[in-house]
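Beneath this line is the structure, given in structure tokens, with notes to follow.
Since the structure is predicted, the reported quantities are computational estimates derived from the model, not experimental observations. Both counts, for ligands and for their atoms, begin at 1 and track the order of listing.
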Amino acid sequence: SLPTIFVITPTYARLVQKAELTRLSQTFLHVPQLHWIVVEDSPHKTPLVTDLLVKSGLTYTHLHMPTAKDRKLQEGDPSWLKPRGVEQRNEGLRWLREDRRAQPGGDNQQGVVYFADDDNTYSLQIFEEMRSTQRVSVWPVGLVGGMKYERPVVEGGKVVRFHTGWRPSRPFPMDMAGFAVSLKLVVANPEACFDGEAPMGFLESSFLQGLVTMDELEPKADNCSKVLVWHTRTEKPKMKREEALQAQGLGSDPAVEV
Ligand code: UDP
Ligand code: MN
């Protein structure tokens, strides 16, 4: 049978959340044998996400884990100041390891783990590329790091360095969307997690460092020559008119979920 792809998605409440999760869930509906682990950055599971998941038609696990207050980006902070989604990805890993223990049998570690932020754009092909991951597979990510793309550079079938605009000396100068890890490796290394205190740009490295070395990386997407995932970002909608109408008691009906 096909190895299951476990996709861990951190998500938080904001005006575009339902739109992002709708787009993402409908992409995932086209992927066979996918298990979506949605981790809300919230002290409780919200009705919006709960209802969306129930109706999604996907196999999923719904978790929540609030970001500690001192770690959370405040309104007006530049987006690079603190890493986002860290505690949520770690909570997804915790659930996954525990769930594997609860499911004994030879088959329970056949799988792949991928971290998919809710606002990126995913080609269906990237899931078929990652499905054969033995340890850690890698590929290019488009529209990231102030570049058209970042990617591992492959020579003779091996990753020898990275094409990136910034701090190429980082152990793994890659975006979260540019790699997947085998479930077996995740389970065999129970300590591996994302370090929210890691210096800027080192979040991915903090997780991968203990798991793999550069020459073990498995290049996908035609030796890393194809862009199959994009680090798109959604503009924050302006609510100027909404606020003006609200002041006159004519705002949009709060009972309508957006
Ligand atoms: N995220 C979160 N809590 C936050 C901010 C972001 O859980 O306070 C999630 C977000 O939904 C996304 C991931 O963390 O899935 C990465 O965040 P974002 O897309 O804002 O980061 P960027 O693309 O700017 O690096
Ligand atoms: Mn993003």
Review point. So is Met176 in contact with ligand 1, going by heavy-atom distances below 4.0 Å?
Key: no
Check your understanding: For the Mn ion (ligand 2), what is the closest N, O or S atom on Asp119?
Key -> OD2
Review point. If you measure every N/O of Thr9 against every N/O of ligand 1, is any gap under 3.5 Å?
Key: no
Review point. Going by the angle between their ring planes, with limits at 30° and 60°, are Phe162 and Phe172 parallel, tilted or perpendicular?
Key: perpendicular
**Study point:** Contact (N/O only, under 3.5 Å) between Thr67 and ligand 1
**Key:** no
Exercise for review: Look only at interatomic distance and state if Pro10 has a nitrogen or oxygen under 3.5 Å from any nitrogen or oxygen of ligand 1.
Suggested key: yes
Check your understanding: Looking just at side-chain N and O atoms, do Glu40 and Thr11 make a donor-acceptor pair shorter than 3.5 Å?
Key -> no
Review point. What is the ring orientation for Phe115 with Phe207, classed by angle as parallel under 30°, tilted 30 to 60°, or perpendicular over 60°?
Key: perpendicular
Review point. Which is it for Glu20 and ligand 1 at heavy atoms under 4.0 Å: side chain, backbone, both or neither?
Key: neither
Check your understanding: Going by the order shown, which atoms of ligand 1 are within less than 4.0 Å of some heavy atom of Thr11?
Key -> 7 (O), 11 (O)
Revision key, fill the gap. Note: Asp117, heavy atoms under 4.0 Å from ligand 1, region reported as both
Practice item. Could you tell me whether some N/O pair between Asp118 and ligand 1 is separated by less than 3.5 angstrom? Key: yes
Point to revise | Per-atom contacts of ligand 1 with Gly85, taking only distances under 4.0 Å to non-hydrogen atoms | key: 14 (O)
Exercise for review: Check whether any N, O or S atom of Asp117, backbone or side chain, sits closer than 2.8 Å to the Mn ion (ligand 2).
Suggested key: no
Check your understanding: Would His64 and Trp95 count as a close aromatic pair, with their ring centres under 6.0 Å?
Key -> no
Practice item. Considering heavy atoms of the protein only, find what lies nearest to atom 21 (O) of ligand 1 and give residue, atom and distance to 0.1 Å. Key: Arg84 NE, 2.9 Å
Revision key, fill the gap. The residue among Gln110, Met130, Gln109 that forms side-chain contact (heavy atoms from CB on, under 4.5 Å) with Pro3 is Gln110
Point to revise | With Trp36, the side-chain contact (heavy atoms from CB on, under 4.5 Å) member among Leu24, Thr61, Thr59 | key: Leu24
**Study point:** Per-atom contacts, ligand 1 versus Asp119 - under 4.0 Å to a heavy atom
**Key:** 19 (O), 23 (O)
Practice item. Hey, can you tell me if Tyr122 and Phe127 have their rings parallel, tilted or perpendicular (30° and 60° cut-offs)? Key: tilted
Practice item. Look at atom 23 (O) of ligand 1 and say which protein heavy atom is nearest, naming residue and atom and giving the distance to 0.1 Å. Key: His231 NE2, 3.1 Å
Exercise for review: Could you check atom 24 (O) of ligand 1 against the protein and tell me its nearest heavy-atom contact, residue, atom and distance included?
Suggested key: Arg233 NH2, 2.7 Å
